[in-house]
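Comments concern the structure below.
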Amino acid sequence: MASTAARPDRVAKLPPRERILDAAEELFQSEGIRRVGVQAIAEKAETTKMAIYRHFDTKDALVAEWLRIVAAEYRAAFDRVEAEHPGRPREQILGVARFIAEGLPAISHRGCPFINSLAELPDRTHPAREVIERHKADQTRRMVAMCAAAGLPDPEQAAAEITFVLEGAQVSTQNGSIDRAGDRLMRIVEAIVDRHGSAAG
């Protein structure tokens with residue numbers, strides 16, 4: 001949903017549903033889910049609460065749809081690295097890590113939407129939390145498959161180590177505790193892949 005166009009010009013051209021989602025994304029990211037009410041979203045989207053409820057039954061449904069869009073961006077990143085490096089699973093793994101590393105500067109300002117949302121949604125039956133948990137499970141499955149394709153002898157363990165590093169880099173960037181997190185992230189993931197790869201020999 002990001003764009004280089006100025007927000008007022010861009011948003012004015014969006015259909016109502018997309019305009020609502022655009023406003024919700026900006027407010028949820030900058031102020032948090034709980035603090036943002038439907039009226040604030042309506043004002044940001046230049047529409048009415050009634051219009052929002054025509055597209056989304058509840059605020060929870062709107063939150064869940066926003067996170068589905070964010071999750072789709074991550075799925076697209078996996079698809080992209082697989083397409084860019086066909087038959088080269090090691091490069092695919094590093095491509096996923098690079099996608100996370102390149103996104104760290106934005107996280108330093110706004111935080112990871114999944115981490116932020118989980119902190120605000122303790123109820124595991126909340127539809128948005130279910131979106132996040134399915135998304136994370138899918139990411140893990142795809143990373144395990146990449147590690148298996150790379151010939152790593154324990155793909156589940158390798159994928160777990162890589163996932164810990166990817167998630168940890170995002171948290172560390174968000175709290176400002178580690179400098180040059182992107183560079184460090186890439187070196188650590190490469191070392192994990194190489195160490196597991198050498199065990200195969």
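Computation of the quantities below employed the complete heavy-atom set of this structure, encompassing side-chain atoms and omitting hydrogens, waters and symmetry-equivalent molecules.
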Tell me, do [X] and [Y] make a side-chain contact under 4.5 Å, heavy atoms counted?
X	Y	result
Ile33	Trp66	yes
Met146	His85	no
Ile132	Ser117	yes
Leu94	Glu190	yes
His196	Gln157	yes
Val189	Arg98	no
Arg142	Asp138	yes
Arg34	Leu121	yes

Rounded distance (nearest 0.5 Å) linking atom [atom1] of [X] with atom [atom2] of [Y]:
X	Y	atom1	atom2	result
Ile52	Thr58	CD1	OG1	11.5 Å
Ile192	Cys147	CD1	SG	9.0 Å
Ile69	Leu21	CD1	CG	4.5 Å
Arg90	Leu152	CZ	CG	10.0 Å
Thr140	His135	OG1	NE2	9.0 Å
Arg54	Thr48	CZ	OG1	5.5 Å

- In terms of side-chain heavy atoms, does Asn175 have a donor or acceptor partner in Ser177 at a distance below 3.5 Å? yes
- Looking only at side chains, do Gln174 and Gln170 share a donor and an acceptor under 3.5 Å apart? no
- Heavy atoms from other residues, nucleotides or ligands near CZ of Arg35 exceed 12 (cutoff 6.0 Å): no
- Message: Is it the case that atom CZ in Arg180 sees more than 12 heavy atoms from other parts of the structure closer than 6.0 Å?
- Response: yes
Specify the closest pair of heavy atoms between [X] and [Y], including all atoms of both residues, with the distance to one decimal.
X	Y	value
Asp123	Arg129	O-CD, 3.4 Å
Thr47	Ile20	CG2-CG1, 4.1 Å
Lys59	Phe28	CE-CE2, 4.1 Å
Ala181	Thr173	CB-OG1, 3.4 Å
Ala159	Met143	CB-CG, 3.7 Å
Ala148	Pro155	N-CB, 3.6 Å

[X] with [Y], same ILVMFWY side-chain cluster at under 4.5 Å:
X	Y	result
Leu185	Val171	no
Leu118	Leu62	yes
Phe78	Val144	no

- Message: For a side chain to side chain contact (heavy atoms under 4.5 Å, CB included) check, start with the C-alpha distance between His126 and Asp60, then their side-chain angles and the critical distance, and finish with the verdict.
- Response: CA-CA 8 Å; His126 190 288; Asp60 288 348; 3.0 Å; yes
- Task: Please report the C-alpha distance between Ile162 and Val193 in whole Å, then the side-chain angles of each, then the deciding distance to 0.1 Å, and finally whether the side chain to side chain contact (heavy atoms under 4.5 Å, CB included) criterion is met.
- Result: CA-CA 8 Å; Ile162 292 166; Val193 174; 4.2 Å; yes
- Item | Criterion side chain to side chain contact (heavy atoms under 4.5 Å, CB included) against Lys44, the qualifying member of Glu26, Gln39, Glu25 | Glu26
- For Ala45, does its backbone N or O pair with a side-chain atom of Arg19 as donor and acceptor, under 3.5 Å? yes
- Exam field: side chain Ser172 to backbone Ala169, donor-acceptor pair closer than 3.5 Å: no
- Show your working on ring-ring contact (aromatic ring centres under 6.0 Å, His included) between Phe99 and Tyr74 and close with a plain yes or no. CA-CA 9 Å; Phe99 166 73; Tyr74 281 76; 5.3 Å; yes
- Item | Test side chain to side chain contact (heavy atoms under 4.5 Å, CB included) applied to Asp183 and Arg187, step by step | CA-CA 6 Å; Asp183 292 339; Arg187 289 203 298 272; 4.0 Å; yes
